Amino acid sequence: MSGKESGRGGIGSLGELLVEFVCTGKDGHNRRAAPYVGPFASGAPGIFIDQAARVGARAIFSGAVGDDAFGDVLRARFDEAGVSNTLIRTVPGVPTGSAFVSYNTDGSRDFVFNIAHSAASHFPGDADAIETLRGFGLAAFHISGSTLGDPAMAKAALGICRALHEAGVAISFDPNIRKELLTDPSYMETVRALLAISTFVLPSAEDAEVLFPGEDFATFSGRLLGGGARYVVLKRGEKGCIGVERQGAAEAFDAHEVEVVDPTGAGDCFCATFVALVTSGNFSFSEALRRANAAGALAVGRIGPMEGNSTLVEIEAFLESRP
Ligand code: ATP
Ligand code: MG
């Protein structure tokens with residue numbers, strides 16, 4: 001193992017690696033012929049780990065790509081960011097995962113995914129992979145709810161998270177709830193099992209409406225903190241964010257006023273900035289949250305799901321340029 005492969009304070013994640021194509025027109029719902037731009041490196045957990053590395057964390061990812069050009073796009077992106085490729089597998093005979101996104105004028109978006117039947121579903125999750133993750137020296141391991149849509153992927157992801165939690169690694173969970181799966185009892189069981197072992201609980205406003213219906217932030221964060229979480233942060237899109245640390249007071253930040261070019265990935269970028277900075281030990285809870293809020297604003301300004309990811313230097317410069 002090289003110096004970057006071991007030590008303390010690393011950040012890890014796992015799940016679907018995708019290339020994404022973004023429709024340049026609106027309201028076509030992926031049903032009308034139109035110019036798309038891409039391939040962009042994507043997949044919610046991939047966006048997360050790229051950003052964690054960009055803000056300075058030692059980072060490792062368990063994922064898989066096909067033996068094709070799209071797989072090269074993802075590998076090149078992680079190499080550039082400095083994410084360890086020890087657990088990135090190339091699966092012969094299946095294509096790299098993909099996503100097509102088309103935006104609507106009302107702000108909603110339509111996706112076509114190829115995840116379960118692509119290399120994206122083949123991330124390493126066996127005992128050897130768990131051993132490699134433990135040996136990496138992780139401070140936190142992040143899971144996105146986007147990985148839980150396929151039952152086999154959900155089972156593997158939960159198994160890894162449980163093993164790492166038992167080994168003392170802080171679990172970070174962004175529910176990224178998929179509404180079409182709410183009627184599937186095993187999906188919600190996995191979501192609840194992850195909530196129960198998470199140190200970082202990082203829902204969006206839409207996630208909170210589904211998971212904690214009718215409850216305000218103080219109520220559901222209080223319950224989560226009482227149940228073992230240490231940090232609860234609510235991502236509120238163009239309204240900014242609010243978060244609380246166990247035994248601390250809630251902190252809120254308004255969103256920065258920016259032009260929104262492509263909002264996909266802002267949540268993953270936000271989560272990575274927050275988790276990486278808090279676990280680095282160099283930033284207080286409030287300082288980390290402020291920088292995450294800035295990273296989210298930077299993320300929406302560029303087309304492509306992780307093209308708006310930023311380094312700590314870029315985040316500091318952005319904050320200095322703002323009143
Ligand atoms: P996604 O799942 O699409 O990646 P999300 O729903 O998990 O996103 P959001 O709340 O949309 O997360 O965005 C995360 C953070 O990014 C917000 O809390 C905020 O700090 C920042 N952000 C998002 N949208 C905007 C915006 N329009 N203007 C400024 N900042 C934004
Ligand atoms: Mg989200």
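Start at 1 and go down the list; that is how both ligands and their atoms are numbered. All figures in this text were calculated on a predicted structure; none of them were measured in a lab.
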Would you mind running through ligand 1 and noting each atom that sits below 4.0 Å from a heavy atom of G240? 17 (C), 18 (O)

Under a 4.0 angstrom heavy-atom cut-off, which atoms of ligand 1 come close to D268? 4 (O)

Is F141 reachable from L277 through a run of I, L, V, M, F, W or Y residues, each pair having side-chain heavy atoms under 4.5 Å apart? no

Given the rule that I, L, V, M, F, W and Y join up when any side-chain heavy atoms are under 4.5 Å apart, are V55 and F136 in one cluster? no

Side-chain heavy atoms under 4.5 angstrom apart, residues restricted to Ile, Leu, Val, Met, Phe, Trp, Tyr: same cluster for L289 and I315? no

If you measure every N or O of R109 against every N or O of ligand 1, does any of those distances drop under 3.5 Å? yes

Do the side chains of D110 and R31 get close enough for a salt bridge, i.e. N-O under 4.0 angstrom? no

Can you find a non-hydrogen atom of E259 under 4.0 Å from ligand 1? no

Residue-level breakdown please: for V258 versus ligand 1, do any non-hydrogen atoms fall below 4.0 Å on the side chain, on the backbone, on both, or on neither? side chain

Any N or O of C241 closer than 3.5 Å to N or O of ligand 1: no

Check: P203 and L234 side chains under 4.5 Å, non-hydrogen atoms: yes

Thinking salt bridges, do R134 and E166 make one under a 4.0 Å N-O criterion? no

Below 30° counts as parallel, above 60° as perpendicular, anything between as tilted: where do the rings of F212 and F220 land? parallel

Enumerated ligand 1 atoms positioned under 4.0 Å from heavy atoms of H256: 28 (N), 29 (C)

Ring-plane angle category for F285 and Y231, please: parallel below 30°, perpendicular beyond 60°, tilted otherwise. parallel

Option nearest atom 25 (C) of ligand 1 (shortest heavy-atom distance, choices S204, A255, G237, A44): G237

Taking the inter-plane angle between the rings of Y36 and F100 on a 0 to 90° scale, is it parallel (under 30°), tilted (30 to 60°) or perpendicular (over 60°)? perpendicular

Check: F270 N/O within less than 3.5 Å of ligand 1 N/O: no

Do NZ/NE/NH1/NH2 and the carboxylate oxygens of R54 and E314 come within less than 4.0 Å? no

Indicate, as side chain, backbone, both or neither, the part of V260 found under 4.0 angstrom from ligand 1 when only non-hydrogen atoms are considered. side chain

Which of the atoms in ligand 1, numbered in the order shown and given with their element, are less than 4.0 Å from a heavy-atom of N293? 19 (C), 20 (O)

Counting heavy atoms under 4.0 Å, the part of R236 that contacts ligand 1 is backbone

Evaluate G265 for polar contact with ligand 1, using N/O atom pairs at a separation under 3.5 Å. yes

Examine L195 and L182 and state if one hydrophobic cluster contains both, with Ile, Leu, Val, Met, Phe, Trp and Tyr joined whenever side-chain heavy atoms are less than 4.5 Å apart. yes

Nitrogen or oxygen atoms of K235 and ligand 1 under 3.5 Å apart: yes

Between A292 and ligand 1, is there a nitrogen or oxygen pair with a distance under 3.5 Å? no

Ligand-side contact atoms (ligand 1) for residue partner G267, heavy atom cut-off under 4.0 Å: 1 (P), 4 (O), 5 (P), 7 (O), 8 (O), 12 (O), 13 (O), 14 (C)

Given that the side chain starts at C-beta and the backbone is N, CA, C, O, which of these parts of N176 lies under 4.0 Å from ligand 1, counting heavy atoms, or is it both or neither? side chain

